[in-house]
2 protein chains.
Amino acid sequence: MATACAHCPLHRSSLFLDHSPDDTRFMQQFKVGEMTIDPGTTLLMEGSNSPQLFTALRGMGLRYKTLADGRRQVLNLVFPGDFIGLQAGLMGEMGHSVQATSAMTLCVFDRAGFWSFFRSHPERAFDLTWLAAVEEHFMGEALTSMGQRTALGALAWAFVRIMQRGESIGLAKDGIMPLAYRQQDMADALGLSLVHTNKTLARLRSRQLANWHDGILSVPNLEKLADVAGMELESLPKRPLM
Amino acid sequence: MATACAHCPLHRSSLFLDHSPDDTRFMQQFKVGEMTIDPGTTLLMEGSNSPQLFTALRGMGLRYKTLADGRRQVLNLVFPGDFIGLQAGLMGEMGHSVQATSAMTLCVFDRAGFWSFFRSHPERAFDLTWLAAVEEHFMGEALTSMGQRTALGALAWAFVRIMQRGESIGLAKDGIMPLAYRQQDMADALGLSLVHTNKTLARLRSRQLANWHDGILSVPNLEKLADVAGMELESLPKRPLM
DNA sequence: CGGTCGATTGACACCTTTCAATACGGGTGG
DNA sequence: CCACCCGTATTGAAAGGTGTCAATCGACCG
C-alpha cells in the first residue's frame with residue numbers, strides 16, 4: 001500500500017526543507033509506486049543506466065565503487081530521505097553501485113518524467129541541484145576525515161554524523177539508534193582494514209564513547225565523541241526531499 | 001580586455017559540451033566581467049557568502065578545507081573550465097575555500113542573476129545540476145583513491161587524471177604540461193605527509209613514470225602510470241561549461 | 001649577506017595492514 | 001537431532017607503509 005506524498009512521514013523531520021502543496025502534488029504525480037527490497041539486494045549497478053529513480057523511505061543501504069581487484073570503497077551510507085540515481089538521471093550512467101543492507105522501502109520515480117522538472121517546475125530543479133551540492137559537501141567532509149584523521153577519529157566522526165542524521169529523521173532516541181551494517185561496511189567506508197576497525201571499535205567501547213553491537217549504535221555523550229573526532233558539533237545542513 | 005563568450009577558447013576543448021548560440025548569448029549577458037588574480041590570492045573563503053560566481057579561464061588553483069588545528073585538506077584542483085562558487089550560490093555559503101596557486105583569469109558572474117537560470121533557461125539549469133553531479137562523481141573517485149591506494153598509487157592516479165585534464169583542454173602536449181603547485185599542496189590533496197610525498201615523487205621519477213619539477217609535469221607513458229595506479233584508462237566524462 | 005620558502009634526505013616511532021587462528025550463531029542436509 | 005558449513009566478530013603477532021623530527025641545500029629577495 002503506497003504512501004501518499006502528502007502524508008510522507010519524512011516531511012515531519014527537521015532535516016528536510018518544506019514542500020509547497022503544489023510541489024507535493026507534482027511529486028505525487030511523478031511517483032510511480034513503492035518498492036520493497038531485501039537486505040543484500042543491489043538496487044543500482046555501477047555503469048548501469050536505470051530507467052528509475054528512488055527516494056529511500058525506510059531502511060538502510062550504501063553506495064560503493066568496486067575496484068579491479070575486488071576491493072571496494074563505500075562512498076556513503078544511505079538513510080531514509082536520500083535520493084538515489086541522480087547521476088544516472090543526469091550523466092547517463094551511475095558512477096557507483098547502491099545496495100540495501102537492511103530491508104528497504106523506496107519511492108519509485110520514473111526517469112522519463114524527470115526532465116519535466118527543469119521545464120515546468122524550476123523550484124524543484126533548483127532543489128535537485130541543491131541536493132547534488134549537499135552530497136558534494138558531505139563527500140568533501142568524508143575526504144577530509146579520511147585524509148586527516150586517525151582510525152579512532154574517523155570512526156568517531158562517522159558515528160557523530162550517523163547519530164545526527166538518525167536524530168534528525170526520528171530514528172534515534174536518547175543516543176540509541178539502529179545501524180544495519182557489518183563492520184566490513186564501515187571499514188570500507190573509512191578506508192580501514194576490517195581487523196583494525198574491529199579493534200578500534202573495541203577501543204571506543206572500552207572508553208564508553210560509542211557502543212555498536214547487534215545492529216544497535218549507542219552514544220552516551222555525543223559531545224565527547226565529537227571531541228575525539230576533533231570536529232565542531234554543528235547541525236546537519238537542511239536538504240530538499242524528493 | 002574581456003573575452004567574448006562566443007570566442008571563449010575553452011569551447012574548442014573536447015572536454016566540454018557544446019553551447020547553442022542562444023546559450024552563448026545568455027551566458028554573455030550573465031557575465032559581469034573578467035578578473036585577474038595573483039598566485040596565493042584567496043578567491044572564496046569557507047563559510048563566506050560571495051555575491052559572485054566564477055569560471056576559471058586561465059591558471060590553476062585549489063579548493064580546500066581548513067581544520068581546527070591548522071591542517072588542511074585539499075578537495076580538488078582547479079583548472080580552466082571549472083565553475084567556482086556553486087555551493088555558495090545554492091546553499092548560501094561555501095563549504096570550502098578556493099585559492100589561486102598561479103596567476104588566474106576568471107569569468108565573473110553575478111549571483112543575483114543566477115536564479116534566472118532555473119526560470120528562463122531550463123537547459124542551463126540542467127547543465128548546472130550536471131556539473132554538480134560530475135563534481136560528486138570525481139570526489140567519489142578521489143575518496144576511493146585515498147581509501148584504497150598506497151601513496152605511490154595515489155600519486156600515479158592523481159597524475160593520470162591531471163594529465164588527462166591537461167590534454168583535454170590543450171594544456172598538455174606530448175605528455176608535458178605545467179602544474180603550478182607545491183609538493184605540500186599535493187600532499188594535502190592526497191592525505192599524505194610532505195616528507196612521504198617527496199620520497200614517493202622521487203620513486204616515480206627514478207622509475208621514469210612521472211617527473212614533476214619546477215612546475216612542469218612530464219609523463220612519458222600514461223598507460224604505464226595508469227597501470228601503477230591500478231586504474232582503467234577511461235576518458236574524462238564530458239561536462240558543461242558555464 | 002642574512003633570511004625565508006620549497007625541496008630533499010636519513011633515522012626512528014607509530015599506526016595500520018596482513019596473516020592466522022578461534023569463537024559464535026544461523027542455516028542445511030544427513 | 002546433530003554434524004557441518006558459512007558469514008561475522010574477535011584476538012594475537014609480525015611485517016610494512018606512513019608520519020614525525022631534524023638537518024641540509026638551493027633559489028630568491030630585501
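In what follows, chains are A, B, ... by sequence order, proteins preceding strands, each numbered from 1. Small disclaimer: the values here were computed from a predicted structure and weren't measured.
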Exercise. Which pairs, with at least one residue in residues 179-194 of chain A and sequence neighbours excluded, count as a salt bridge (charged side-chain N to carboxylate O under 4.0 Å, His left out)?
Worked result: A:R72-A:D185, A:R72-A:D188, A:R182-A:D185
Exercise. Among B:T200, B:T197, B:N198, whose side chain to side chain donor-acceptor pair (under 3.5 Å) with B:Q183 holds?
Worked result: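 Running side chain to side chain donor-acceptor pair (under 3.5 Å) over B:T200, B:T197, B:N198 with B:Q183 returns exactly one hit, B:N198.
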Exercise. What's the shortest heavy-atom distance between B:F16 and B:G81, and which atoms?
Worked result: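 The answer is CZ-CA, 3.6 Å.
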Atom-pair distance ([atom1] on [X]; [atom2] on [N]), nearest Å:
X	N	atom1	atom2	value
A:M186	D:dT8	CE	P	14 Å
A:L192	D:dG16	CG	P	21 Å
A:D214	D:dT8	CG	C1'	11 Å
A:D185	D:dT8	CG	P	8 Å
A:H196	D:dG17	NE2	P	16 Å
B:L194	C:dC5	CG	C1'	12 Å
B:L204	C:dT8	CG	C1'	16 Å
B:N211	C:dT8	CG	P	10 Å

Return no unless some side-chain N or O of [X] is found under 4.0 Å from OP1 or OP2 of [N].
X	N	result
B:R205	C:dT8	yes
A:Q183	D:dT10	yes
A:H213	D:dT10	yes
A:N198	D:dT10	yes

Exercise. Base, sugar-phosphate, or nothing for B:G215, non-hydrogen atoms under 4.0 angstrom?
Worked result: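 Answer is nothing: B:G215 stays at 4.0 Å or more from every strand.
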For this session: Name the nucleic acid region contacted by A:L201, choosing base, sugar-phosphate or nothing; use a 4.0 angstrom heavy-atom cut-off, strictly under.
Result: nothing
Greater than 12 external heavy atoms within 6.0 Å of [X]'s [atom1]:
X	atom1	result
B:K224	NZ	no
A:M91	CE	yes
A:D69	CG	yes
A:M45	CE	no

Return the polar atom pairs (N/O with N/O) between nucleotides 13-15 of chain D and the protein under 3.5 Å, or none.
unit_1	atom_1	unit_2	atom_2	d
D:dA13	N6	A:K199	NZ	3.3

Exercise. Between B:E141 and A:K65, is a salt bridge (Lys or Arg N to Asp or Glu O under 4.0 Å) present by the stated rule, with each step listed?
Worked result: CA-CA 8 Å; B:E141 244 192 87; A:K65 287 174 84 77; 5.4 Å; no
Exercise. When you check the side-chain N and O atoms of A:S48 and A:E93, is any donor under 3.5 Å from an acceptor?
Worked result: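 No pair is found: no donor N or O on one side chain lies under 3.5 Å from an acceptor on the other.
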Seminar exercise, completed: Ordered by number, residues from residues 144-153 of chain A within less than 4.0 Å of DNA chain C (heavy atoms) are A:T150, A:A151
